[in-house]
Novice: 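Encoded as structure tokens, here's the structure I'll be asking about.
So you know, we letter chains A, B, ... as the sequences are listed, proteins then strands, and number each from 1.
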Protein chains: 2
Amino acid sequence: MNVMVSVKPDTSGLTETDGTICWNRATRLREKGDALQNKSKPVKRDSIRTQEKILAAAQAEFARRGYDGARVDAIVARAKISKNLLYHHFRSKEDLYIRVLERTYETLRRRQGDIPLAGLDPIEAMRRLCESTFQVFVEEPDVIVMLNTENLHRGKHISKSPIIRALYDRLSESLRIILKDGEEKGVFRKGIDPVELYISMSGLGYFYLSNQHTLSLLFNRRLRDPENIARRQAHIVDMVISYLTRIPEEGDWTPDLVR
Amino acid sequence: MNVMVSVKPDTSGLTETDGTICWNRATRLREKGDALQNKSKPVKRDSIRTQEKILAAAQAEFARRGYDGARVDAIVARAKISKNLLYHHFRSKEDLYIRVLERTYETLRRRQGDIPLAGLDPIEAMRRLCESTFQVFVEEPDVIVMLNTENLHRGKHISKSPIIRALYDRLSESLRIILKDGEEKGVFRKGIDPVELYISMSGLGYFYLSNQHTLSLLFNRRLRDPENIARRQAHIVDMVISYLTRIPEEGDWTPDLVR
DNA sequence: TAGATAACTAACTAATTAGTCCAATAATAA
DNA sequence: TTATTATTGGACTAATTAGTTAGTTATCTA
């Protein structure tokens, strides 16, 4: 006869974010009561806004703990809605995760596609492309964890989604134009593989940020500090432009494609 | 001695609430003992080998699914031992994870520290360092997932461990020597930050591999294929050497440290 | 060689977690 | 007005999971 009576509400996942945990039930009920009495605050129904609230909460949770570490109850608490409502709008945790992942790629596409580069000389254009690629990762840290999580799961979810391809199409177009322009003007070397270049441009900043915690410990340097972020950005530009403007000669050190 | 001998964990007839419960354990185990005696199958006991078996199984599981996705039962199954034996040797899942993480850093240290570079000219030495840095990630893919997992948890575990610092000490020594040598011989530019350089050298390969699933989809290119791995390695060397050998001049494009 | 100790097993427990059922209320659109 | 949809709440379940208990056997040492 040991019937479990657990009255304690689960606040795990919320405790560290901010101090507004105690908001939940009591406050909500009180507000509901007030609304009934005063009619001053009619509870608006807006399924789209609610879904956005849920998606934002889910993104925060998935980006914080990864797919397996994320808790549906924590998402519900973050969004300040009832659990049923979440399942009213989304089929499952996995469904919700996929929606967040698609959102992530949309963010990436939007931010990487909106770079005005027309009319710039090739070096300046490439500099801007490098800087903005890095800035996207700096300003949207959730993107990195979402991509890491998806790669941990070996691209299982994203392979079903058509969104992903559109991302590269726009970016590769920019890249191709700049490379061709630079090549024709004789400032860039020939035969650059745009895929390798894109991966390098991204990887130089991505690794710095995605591994910032272990690297900060290893080097005893606070990699997130603004001056270090700025230094990193300059370094990335330096490296990429050095690569592009280096024109290998016969008998040079340049490695063979396959050794 | 005519009691049924069931080797599989049977659910039949055991949970019944009548008097036949006491059938089970003693009898079964006694019979097992008899069988062992008769067939003279001595089960060898070797705690160190067992612990290594557990650690190897745990590494495989953690590297496959991350900390939160990993299941203790799966580790037990991989190691082909009983669950309690795991807890006999390790305090908890987290304890086991930390041990695996330390092992990961030991692997990294061993492999990155054992590169013979003495007597080489600076460019050749740096080329070898780049190649071997990349090769470590190629050949030890578990390392990448372990580092990603640890960064997802914001370096919580590794910050307690002293192993990590020793890793960089040896590597940074190699790096410093080569850079100084190259600078004196006039083949490398001056004022290179070894930390930035190390992060770049690693990041160029790390991102390529850690995000290989999403990138492979994005570019429709099988990044794990040997020819692509070789191409990537050449590209990394090319980029790093281009950076090192580029000597910026006055009024050059080189970006300011802080813009 | 006795018996202590450490290596080992099967079965169990307590807690957690994704997801559901049922019953209700309130806003909104037809 | 009526039907629909958004929303809450609470209790519930079925499965899973980290960790434990109670027991057995090999090995080492006094």
Novice: Regarding dG19(D), can its base be found pairing with the side chain of Lys83(B) as donor and acceptor, where the two atoms are less than 3.5 Å apart?
Specialist: yes
Novice: Asp68(A) has an atom CG; how far is it from atom P of dA15(D), in whole Å?
Specialist: 20 Å
Novice: Taking only N and O in the side chain of His88(B), is any of them less than 4.0 Å away from OP1 or OP2 of dA7(C)?
Specialist: yes
Novice: Tyr97(B) OH to dA18(D) P: how many Å, rounded?
Specialist: 15 Å
Novice: For a quick test of reading the model: is some side-chain N or O of Ser92(B) closer than 4.0 Å to OP1 or OP2 of dA18(D)?
Specialist: no
Novice: CG of Asp73(A) versus P of dG9(D): gap in Å, rounded?
Specialist: 14 Å
Novice: Select base, sugar-phosphate, or nothing to describe what Ala70(A) touches, counting heavy atoms under 4.0 Å on all strands.
Specialist: sugar-phosphate
Novice: Can you establish whether the number of heavy atoms outside Arg224(B) located under 6.0 Å from its atom CZ is more than 12?
Specialist: yes
Novice: Below the 4.0 Å mark, does dA10(C) have OP1 or OP2 next to a side-chain nitrogen or oxygen of Ser82(B)?
Specialist: no
Novice: CD1 of Ile75(B) versus C1' of dT17(D): gap in Å, rounded?
Specialist: 12 Å
Novice: For His89(B), answer base if it contacts any base atom (sugar-phosphate contacts may also be present), sugar-phosphate if it contacts only those atoms, and nothing otherwise; contact means non-hydrogen atoms under 4.0 Å.
Specialist: sugar-phosphate
Novice: Rounded to the Å, how far apart are Leu86(A) CG and dT8(D) P?
Specialist: 11 Å
Novice: Atom CD1 in Ile229(A), atom CZ in Phe137(A): separation rounded to 0.5 Å?
Specialist: 12.5 Å
Novice: Would you please confirm or rule out a distance under 4.0 Å between OP1 or OP2 of dA18(C) and any side-chain N or O of Arg71(A)?
Specialist: yes
Novice: To the nearest Å, give me how far apart CD (Glu61(A)) and C1' (dT17(C)) are.
Specialist: 13 Å
Novice: To the nearest Å, how far apart are Tyr87(B) OH and dG23(D) P?
Specialist: 22 Å
Novice: When rounded to the nearest 0.5 angstrom, what is the spacing between CD in Glu150(A) and OG1 in Thr104(A)?
Specialist: 9.5 Å
Novice: Atom CG of Leu85(A) and atom P of dA24(C): how far apart are they, to the nearest Å?
Specialist: 20 Å
Novice: Hey, what do you get for OH (Tyr206(B)) to CG (Leu147(B)), rounding to the nearest 0.5 Å?
Specialist: 4.5 Å
Novice: Nearest to the Lys93(A) side chain among dG19(C), dA7(C), dT9(C), which nucleotide is it?
Specialist: dG19(C)
Novice: Is it the case that Lys93(A) places NZ or CZ above or below the six-membered ring of Tyr67(A), under 6.0 angstrom from the centre and within 45 degrees of the axis?
Specialist: yes
Novice: Which of the following nucleotides, dA6(C), dG19(D), dC22(C), is nearest to the side chain of Asn84(A)?
Specialist: dC22(C)
